[in-house]
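As structure tokens, the structure follows; a few thoughts come after it.
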Amino acid sequence: MRLALIGITSSGVKTIYSAITGHAESGGGFRPSSALNRLAVLKVPDPRLDLLTEIFKPKKKVAATVELTEFPGLLGGSKTDAQAVAKAREADALAIVLRCFSSEVAPHPKDSIDPRRDLDDLEAEMVLSDLAVAENRLERLAGSVKTKADEDDMAEYAVLSQVREQLEEGLPVGSLDLKPEERKRIRGFGFLTAKPRMLILNIGEAQLGEEESIAAPFRRQGWVAEALCGSLEAELAQLEESERGEFMSDFGVEELAAPRVLAAAYQALEIRTFYTYGEDETRAWTVRAGDTAVDAAGKIHSDLAKGFIRAEVVGWQDFQEHRSIKEAKAAGKFRLEGKDYLVQEGDLIIIRHSG
């Protein structure tokens with residue numbers, strides 16, 4: 001999964017990135033023309049994978065990973081970096097940083113703190129950016145559509161016309177009622193307003209203890225939202241683990257930023273985790289809600305999807321109860337599922353295939 005961390009100038013994107021990754025302010029990664037965009041690959045904390053590894057004692061344990069790239073000041077302001085926006089379009093989801101803290105040293109560009117206003121402004125910028133992409137492509141397709149020279153071009157033009165109309169009304173592409181094949185046609189454009197999005201509410205130390213009340217209004221509106229103190233969390237991330245506990249206790253921080261943000265990203269993307277196991281390796285894999293056993297097979301290797309015969313499945317609760325595939329089989333909890341089986345959270349899956 002690729003997660004883009006975005007926000008307006010002064011929202012604290014760089015600080016939040018450091019809080020999540022534990023990296024110092026300098027780093028490497030994608031470098032567009034006007035800014036440094038760091039990239040980190042984060043292992044997703046997973047107690048279930050730890051348990052599987054303890055039981056199966058494989059040669060290797062492979063956790064699921066998330067690629068996190070920062071894009072501070074991505075949209076708005078006096079100048080937008082087109083190269084950075086194009087890179088952000090490759091992400092699977094957006095984590096939007098909203099400023100909730102006050103600072104005389106770093107005043108807000110609009111001289112007041114209003115995260116709801118900032119979110120509205122950023123969403124409006126994303127709509128305009130997506131509209132420009134749609135209009136440019138429609139212009140290029142116009143000639144082909146006029147002569148009816150290519151059926152695929154005509155189908156693409158029809159879908160993009162709906163997208164343009166939606167964006168002209170100031171509405172996100174993600175709320176447009178499209179058929180699966182229509183969504184597939186526009187997937188390559190990476191429309192920002194079509195991506196799953198979550199909020200990171202960047203609070204100050206004076207607001208510690210108010211995280212839930214600050215996040216609650218956004219959650220009531222359907223947002224996946226996490227409130228955290230970026231400056232404090234960035235400092236905690238730099239400490240040795242042996243030193244961290246006391247500081248966390250002093251400030252009432254129960255969990256570091258990384259697992260909270262990753263869990264929220266999984267929620268926004270409706271991620272399901274399944275596991276493969278054996279003597280050689282235990283591994284966590286991810287699919288989206290509604291994905292089937294064949295989709296899971298394809299995540300492991302395209303050949304498994306092509307030659308799919310069946311999936312051997314043990315649900316997580318059943319495995320946790322018996323702690324053994326053999327015992328789960330004896331209890332009748334070992335299932336053979338076909339290609340249309342919907343993968344459930346925590347499933348242990350072995351794919352049987354031809355070839």
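Taking 4.0 Å as the cut-off between side-chain N and carboxylate O, K87 and E90 count as a salt-bridged pair. For the pair R89 and D130, the salt-bridge criterion is met [side-chain N within less than 4.0 Å of a carboxylate O]. Using a 4.0 Å cut-off between a side-chain N of Lys or Arg and a carboxylate O of Asp or Glu, E233 and R260 qualify as a salt bridge.
E169 contributes no side-chain N or O that, together with a main-chain N or O of L167, makes up a donor-acceptor pair within less than 3.5 Å. Here the side chain of E345 pairs a donor or acceptor atom with the backbone of T273 at under 3.5 angstrom. Between the side chain of S129 and the backbone N or O of E125 there is no donor-acceptor pair closer than 3.5 Å. Between the side chain of E67 and the backbone N or O of M1 there is no donor-acceptor pair closer than 3.5 Å. Side-chain N or O atoms of R244 include one that pairs as donor or acceptor with a backbone N or O of L239 at under 3.5 Å. Panel note: side chain R48, backbone Y275; no donor-acceptor pair is recorded below 3.5 Å. Distance alone, capped at 3.5 Å, places no donor-acceptor pair between the E165 side chain and the Q162 backbone. Judged purely by atom type and a 3.5 angstrom limit, R38 uses its side chain to pair as donor or acceptor with the backbone of K14. Looking only at distances, no side-chain donor or acceptor of S10 sits under 3.5 Å from a matching main-chain atom of H108. Not one N or O on the side chain of K339 forms a donor-acceptor pair closer than 3.5 Å with the backbone of F308.
Clustering ILVMFWY residues whenever any of their side-chain heavy atoms sit less than 4.5 angstrom apart, transitively, puts F274 in a cluster other than the one holding I325. Following chains of ILVMFWY side-chain contacts shorter than 4.5 Å, one can reach F334 starting from L52, so the two form part of one hydrophobic cluster. Under a hydrophobic-cluster definition in which Ile, Leu, Val, Met, Phe, Trp and Tyr are linked whenever side-chain heavy atoms come within less than 4.5 Å, directly or via other members, V314 and I55 are assigned to the same cluster. Hydrophobic clustering (ILVMFWY, side-chain heavy atoms < 4.5 Å, transitive): V343 and I350 are in distinct clusters. Under the 4.5 Å side-chain heavy-atom criterion for ILVMFWY residues, no single connected hydrophobic cluster contains both F191 and L3.
Closest approach of T286 and K299 over heavy atoms only: O-CE, 3.2 Å. Considering every non-hydrogen atom in both I16 and G230, the closest pair reads CD1-CA, 3.7 Å. For the pair S175 and Q166, the tightest heavy-atom approach, listed with the atom from each and the gap, is OG-NE2, 2.8 Å. Considering all non-hydrogen atoms of both residues, R99 and F101 come closest at NE-O, 3.0 Å. Nearest heavy atom pair, residue L201 against residue C100, reads CB-SG, 3.8 Å. Closest heavy-atom contact between A63 and K43: CB-CB, 4.3 Å.
For the pair I6 and V13, the minimum side-chain heavy-atom distance is 4.5 Å or more. Put simply, the side chain of L122 does not reach to within 4.5 Å of the side chain of R197, judged on heavy atoms. A heavy-atom distance below 4.5 Å is found between the side chains of T69 and F71. Looking only at side-chain heavy atoms (C-beta outward), E226 and Q267 stay at 4.5 Å or farther from each other. V163 places a side-chain heavy atom less than 4.5 Å from the side chain of I186. Looking at heavy atoms from C-beta onward, E123 lies in side-chain contact with L119 at the 4.5 angstrom threshold. Contact of the K146 side chain with the Y157 side chain is not registered, since no non-hydrogen atoms from C-beta on lie closer than 4.5 Å. Proximity of F218 to P115: side-chain heavy atoms (C-beta onward) are separated by under 4.5 Å at one or more points.
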(request) Give the intermediate values and the outcome of side-chain contact (heavy atoms from CB on, under 4.5 Å) for residues I203 and E210. (result) CA-CA 9 Å; I203 65 173; E210 303 174 19; over 6 Å; no
(request) Report the C-alpha separation of D152 and R185 in whole Å, then their side-chain angles, then the decisive distance to 0.1 Å, and conclude whether the side-chain contact (heavy atoms from CB on, under 4.5 Å) test is met. (result) CA-CA 9 Å; D152 284 338; R185 282 191 181 278; 3.6 Å; yes
(request) Test side-chain contact (heavy atoms from CB on, under 4.5 Å) on E168 and E135 and set out the steps. (result) CA-CA 11 Å; E168 286 176 340; E135 288 180 333; 4.1 Å; yes
(message) Determine whether D50 and T53 satisfy the following criterion, side chain to side chain donor-acceptor pair (under 3.5 Å), listing intermediate values before the conclusion.
(response) CA-CA 5 Å; D50 295 338; T53 303; 5.6 Å; no
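Interatomic distance, F319 CZ to S324 OG, rounded to the nearest 0.5 Å: 7.0 Å. Residue L228 holds its CG atom at 6.5 Å from CG of N202, rounded to the nearest 0.5 Å. In this structure, CD1 in I271 is found 6.0 Å from OH in Y266, a value given to the nearest 0.5 Å. Here the CG atom belonging to L39 is positioned 6.0 Å from the OH atom belonging to Y17, to the nearest 0.5 angstrom. Distance check: R140 CZ to D153 CG gives 12.5 Å after rounding to the nearest 0.5 Å. Between atom CZ of residue R272 and atom CG of residue L342 there is a gap of 10.0 Å, rounded to the nearest 0.5 Å.
Screening R335, K329, K333, R352 against E312 for a salt bridge (Lys or Arg N to Asp or Glu O under 4.0 Å) leaves a single residue, R352. Test K61, K59, K60 against D280 for salt bridge (Lys or Arg N to Asp or Glu O under 4.0 Å) and you get one pass: K59.
The local environment of CG in D250 is crowded, with over 12 non-hydrogen atoms from other residues, nucleotides or ligands closer than 6.0 Å. Few gaps surround CZ on R183; more than 12 heavy atoms of other groups in view lie less than 6.0 Å from it. The 12-atom threshold is not exceeded at CD of E151, counting heavy atoms of other residues, nucleotides or ligands nearer than 6.0 Å.
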